[in-house]
Visitor: 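Dropping the structure in here first, questions after.
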Amino acid sequence: MLQDPRQEVIQAWYMDDSNEDQRLPHHKNPPEYVSLDKLAELGVLSWRLDADNYETDQELKKIREDRGYSYVDFCEVCPEKLPNYEQKIKNFFEEHLHTDEEIRYCVDGSGYFDVRDQNDKWIRVAVKKGGMIVLPAGIYHRFTLDTDNYIKAMRLFVGDPIWTPFNRPHDELPARKEYLQAFVEGGDHAVDATA
């Protein structure tokens, strides 16, 4: 059986309940991995792309055209390059949602995107260079670096970027209600994991 090439740059697992350093993997004992198809059932889409050639990558160009990602910028998260690093890392790790998709393409380094499953359990999604994920509007999530302390991510948006995080709880927001209806309360789970 051929391994999904996305798994070389994106892996996911259920987290333990430890309060140790957020940058550690936080595997359960024994580890409990989550498939990329399971992530797709939660609305989390993923791709493996050519991060060394993102300027000319035809697959990235097609994804952007198909999904309407017209705005692009880059964010480097590390102590040396991100102003107010300690505060920003703390803010990124606060559980929150957005009213628009969060699209991140790791062009260098690595990091963790934690998302909640249908039972409100944390799933840690490790993304390395070449991995691109889309977190749907309304999903509770958070971000942290791993112990390498570095990621360079392409951020993509439909139209003008909206940066507003809504820290939990914000269940009254239409984006949250739509997310719950589509992915938690028995909505249409027939989502292509690679969109």
Side-chain angles (χ1 to χ4, degrees), residues 5-13 22-26 36 39-40 42-115 122-167 193-195:
R6 294 175 296 164
Q7 291 177 317
E8 294 176 20
V9 294
I10 302 170
Q11 291 189 343
W13 55 84
Q22 68 193 39
R23 300 170 310 137
L24 296 174
H26 286 278
L36 299 180
L39 288 181
L42 298 171
V44 178
L45 307 178
S46 58
W47 293 264
R48 180 187 177 168
L49 300 171
D50 181 2
D52 290 325
N53 297 296
Y54 61 82
E55 298 97 336
T56 57
D57 185 356
Q58 290 303 305
E59 187 175 1
L60 176 60
K61 182 180 177 189
K62 181 174 180 354
I63 293 166
R64 288 188 59 192
E65 288 171 356
D66 290 350
R67 299 186 63 83
Y69 300 150
S70 55
Y71 177 94
V72 171
D73 72 5
F74 291 87
C75 181
E76 280 186 284
V77 181
C78 63
E80 302 77 23
K81 302 232 175 159
L82 186 66
N84 303 317
Y85 169 79
E86 292 295 337
Q87 186 59 49
K88 292 235 173 103
I89 281 292
K90 185 178 174 189
N91 292 347
F92 294 159
F93 201 63
E94 280 288 319
E95 185 175 1
H96 63 278
L97 62 78
H98 301 286
T99 56
D100 291 295
E101 291 180 334
E102 179 169 314
I103 306 105
R104 297 293 182 267
Y105 174 17
C106 179
V107 297
D108 199 11
S110 52
Y112 296 128
F113 295 85
D114 300 338
V115 298
W122 281 117
I123 297 173
R124 174 148 279 187
V125 183
V127 181
K128 297 194 282 191
K129 180 180 177 179
M132 179 170 148
I133 65 170
V134 174
L135 305 180
I139 192 173
Y140 282 121
H141 65 283
R142 61 191 183 188
F143 170 79
T144 189
L145 291 173
D146 58 25
T147 54
D148 290 338
N149 281 328
Y150 179 76
I151 192 170
K152 181 177 181 180
M154 177 187 289
R155 302 182 293 189
L156 301 101
F157 291 88
V158 175
D160 292 331
I162 298 173
W163 308 105
T164 309
F166 294 93
N167 288 351
T194 60

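What you see is a predicted model; the values in this text were computed from it and never measured. Position 1 is the first residue of the sequence, and the numbers go up from there.
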Visitor: For residues 124-135, which residue pairs pass the side-chain hydrogen bond (donor to acceptor under 3.5 Å, both in side chains) check, not counting sequence neighbours?
Guide: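 Of all non-adjacent pairs touching residues 124-135, those that pass side-chain hydrogen bond (donor to acceptor under 3.5 Å, both in side chains) are D52-K129, D114-R124.
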Visitor: Quick one: CG on L60 to OH on Y105, what's the gap to the nearest 0.5 Å?
Guide: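 Separation between the atoms: 6.0 Å.
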Visitor: Less than 4.5 Å apart, any side-chain heavy atom of V134 and any of R67?
Guide: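 Yes, at least one pair of side-chain atoms sits under 4.5 Å.
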Visitor: Between atom CD1 of I89 and atom CG of N149, what is the distance when rounded to the nearest 0.5 Å?
Guide: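 So the CD1 of I89 and the CG of N149 are separated by 8.0 Å.
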Visitor: Output every pair passing salt bridge (Lys or Arg N to Asp or Glu O under 4.0 Å) with a member in residues 72-84, not counting sequence neighbours, ordered by first then second residue.
Guide: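 Every salt bridge (Lys or Arg N to Asp or Glu O under 4.0 Å) pair that includes a residue of residues 72-84, provided the two are not neighbours, is D73-R155, E76-K81.
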Visitor: Kindly assign one of parallel, tilted or perpendicular to the pair H98 and H141, based on the angle between their ring planes and the thresholds 30° and 60°.
Guide: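 Correct class here is tilted.
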Visitor: Just how far is it from atom OG1 of T99 to atom CZ of F166, taken to the nearest 0.5 Å?
Guide: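 Here the interatomic distance stands at 5.5 Å.
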Visitor: Report the relative orientation of the aromatic rings in W13 and Y112; use parallel for angles under 30°, tilted for 30 to 60°, perpendicular for over 60°.
Guide: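 Ring orientation of W13 relative to Y112: perpendicular.
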Visitor: Do R6 side-chain atoms and R48 backbone N/O form a donor-acceptor pair below 3.5 Å?
Guide: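 Side chain of R6 to backbone of R48: no pair is present.
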Visitor: If we only count heavy atoms from C-beta on, is the S46 to L39 side-chain gap below 4.5 Å?
Guide: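 No; the side chains remain at least 4.5 Å from each other.
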Visitor: Any chance you could measure L45, atom CG, to I103, atom CD1, to the nearest 0.5 Å?
Guide: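 L45 CG to I103 CD1: 10.0 Å, rounded to 0.5 Å.
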Visitor: Classify the angle between the aromatic ring planes of Y54 and F74 as parallel (below 30°), tilted (30 to 60°) or perpendicular (above 60°).
Guide: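 Tilted, since the angle between the ring planes falls between 30° and 60°.
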